[in-house]
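A, B, ... follow the sequence lines: proteins, then strands. Residue 1 opens every chain.
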Amino acid sequence: MTDRGAVNESEQSEAEQETDSEATEPTTVTFGRRGVRAGFLTTLPIAVGVGGYGIAFGVLADQVGLSAAEAALMSATVVAGASQIIAVELWADPIPIATILLAVFAVNLRYSLMGAALQPWFSQLSAVRAYGSLFLMADENWALTMRDLKSDTGRGAFLLGSGIAVWSFWVGSTVIGTAVGGAIGDPAVYGIDFILAAVFVALAAELWEGRSSLVPWIVALATALLAAEFLPGQWYILVGGAVAGIVEVIRYDE
Amino acid sequence: MSDALTLDPLVVGVILAMAVLTFFTKIGGLWLLSRFEVSDRLEAGISVLPGAIVIAILGPELAEGGPPEWAAAGLTLAVMWRTGNILLALIAGVAGVVAFRAVM
């Protein structure tokens with residue numbers, strides 16, 4: 001808190017440098033069928049991979065007692081895989097609503113940064129087009145869209161097209177997953193009780209960003225283990241995540 | 001069949017609240033950008049959240065298990081790293097935990 005003044009100063013000088021380098025105008029961004037098509041086709045192979053997570057999510061949703069319709073509704077309206085899997089992990093009777101919503105918000109905060117990165121192009125689109133496309137934004141199609149826009153294609157509808165591809169596979173595979181989950185029966189016999197841990201191991205492998213992840217992950221692990229020991233319910237998850245985030249904020253600039 | 005189509009009002013309410021919150025996180029950055037400047041420091045903190053939360057869930061979960069679960073987690077990680085295929089990694093992990101529980 002006390003060094004806020006210093007931070008603001010360094011920010012201002014950075015902002016000035018940025019405005020200097022912004023002399024080069026981005027290319028004109030259009031929004032049409034061509035962009036939707038390109039986004040959809042480019043994303044198809046990756047959307048098939050998204051289907052793997054959808055099946056896993058469907059199985060987990062079925063295990064905590066969500067119906068196929070409820071799981072599909074969640075996939076269709078939330079469209080954010082990691083947060084949905086975490087929500088289902090927290091699901092219980094009665095539903096811990098506040099904890100679930102807090103966790104979903106915390107996990108998805110990164111989307112604000114990702115959406116902000118699209119600003120140079122999306123500032124040229126109407127609000128309906130820009131925000132409508134962002135509804136379908138997930139990690140995979142965001143990355144492909146950034147790559148496309150950065151290569152000066154000016155295809156403003158790329159995110160919409162690639163979002164449609166991801167959304168279709170995500171919702172479809174969720175429904176398949178709930179059917180698979182229903183057919184399995186007693187989870188422990190087939191080791192299905194381990195599937196949640198396995199999903200999170202796989203998620204962790206994908207979220208690992210090299211050495212920069214090391215300190216935050218150790219902090220999150222240590223905090224969560226301690227908090228699980230001394231705090232009630234599932235608070236250890238949010239406490240672990242929050243402490244890791246705060247430590248990273250403090251550590252930054254080291 | 002009718003079971004699959006069940007829509008509990010409370011469950012639907014929670015799901016829609018999740019959807020609205022998530023939509024705000026998706027559009028929030030673009031909307032705020034013209035108004036505020038997010039410091040690199042804050043950005044660094046936010047970007048570690050997804051991984052940190054996954055670890056915060058996984059750590060205590062694995063700590064409750066024993067050697068069979070730890071071995072299966074290692075196997076899942078190895079397959080995921082090798083192939084990048086989530087379904088293959090999950091199948092290996094689940095098959096692994098059954099096998100390790102029988103042996104260990």
What parts of residues 65-75 of chain B touch chain A if we use heavy atoms and a cut-off under 4.5 Å? E69(B), A72(B), A73(B)

If you tally heavy-atom pairs under 4.5 Å between each of P50(B), G28(B), G93(B), G59(B) and chain A, the highest tally belongs to P50(B)

Name the region of L7(B), side chain, backbone, both or neither, that has any atom closer than 4.5 Å to a heavy atom of chain A. both

Most contact-rich option vs chain B, by heavy-atom pairs under 4.5 angstrom, among E89(A), E229(A), M114(A), is E89(A)

Can you confirm whether V11(B) sits close enough to W91(A) that some side-chain heavy atom of one is under 4.5 Å from a side-chain heavy atom of the other? yes

With no hydrogens and no angle check, is any side-chain donor or acceptor of D62(A) less than 3.5 Å from a backbone partner on A68(A)? no

Between the main-chain N or O of D8(B) and the side-chain N or O of E70(A), is there a donor-acceptor pair closer than 3.5 Å? yes

Sequence neighbours left out, what pairs pass side-chain hydrogen bond (donor to acceptor under 3.5 Å, both in side chains) with at least one residue falling in residues 75-86 of chain A? S75(A)-Q84(A), S75(A)-W170(A), S75(A)-T174(A), S83(A)-N108(A), Q84(A)-W170(A)

Sort and list the pairs that fulfil salt bridge (charged side-chain N to carboxylate O under 4.0 Å, His left out) and have at least one residue in residues 100-120 of chain A, not counting sequence neighbours. R110(A)-D139(A)

L113(A), L221(A), V107(A): which one forms the most heavy-atom pairs within less than 4.5 Å of chain B? L113(A)

What pairs of residues pass the side-chain hydrogen bond (donor to acceptor under 3.5 Å, both in side chains) test when at least one of them lies in residues 200-216 of chain A, not counting sequence neighbours? Y53(A)-E206(A)

Hey, which of L225(A), L238(A), V247(A) has the most heavy atom pairs under 4.5 Å with chain B? L225(A)

Ranking G96(B), A52(B), A92(B), A95(B) by heavy-atom pairs under 4.5 Å to chain A gives rank one to A52(B)

Given that the side chain runs from C-beta out, which part of L77(B) has a heavy atom under 4.5 Å from chain A: side chain, backbone, both or neither? both

Does any heavy atom of chain B fall under 4.5 Å from the side chain of I100(A), the backbone, both, or neither of them? side chain

One option among F194(A), Y111(A), Y131(A), Y236(A) has the most heavy-atom pairs under 4.5 Å with chain B, and it is F194(A)

What part of A17(B) gets within 4.5 angstrom of chain A, counting heavy atoms only: side chain, backbone, both, or neither? both

Please flag which part of V97(B) lies under 4.5 Å from any non-hydrogen atom of chain A: side chain, backbone, both or neither. side chain

Which bit of L207(A) is near chain B, if near means a heavy-atom gap under 4.5 Å: side chain, backbone, both or neither? side chain

Residues V14(B), L16(B); criterion side-chain contact (heavy atoms from CB on, under 4.5 Å); working and verdict: CA-CA 6 Å; V14(B) 174; L16(B) 293 182; over 6 Å; no

When only pairs under 4.5 Å are counted, which of L10(B), V54(B), L62(B) shares the most heavy-atom pairs with chain A? V54(B)

For chain B, find which of S112(A), G240(A), A69(A) contributes the most heavy-atom pairs closer than 4.5 angstrom. S112(A)

Top of I246(A), I55(A), V79(A) for chain B proximity - count of heavy-atom pairs under 4.5 angstrom: V79(A)

Per-residue tally against chain A (heavy atom, under 4.5 Å) across I91(B), V79(B), I57(B), L42(B) peaks at I57(B)

Counting heavy-atom pairs closer than 4.5 Å to chain A, which one of L58(B), L49(B), N85(B) comes out on top? L58(B)

Report which part of I97(A) has an atom under 4.5 Å of a heavy atom belonging to chain B: side chain, backbone, both, or neither. side chain

Beyond-backbone contact of I85(A) with V199(A), side-chain heavy atoms, under 4.5 angstrom: yes

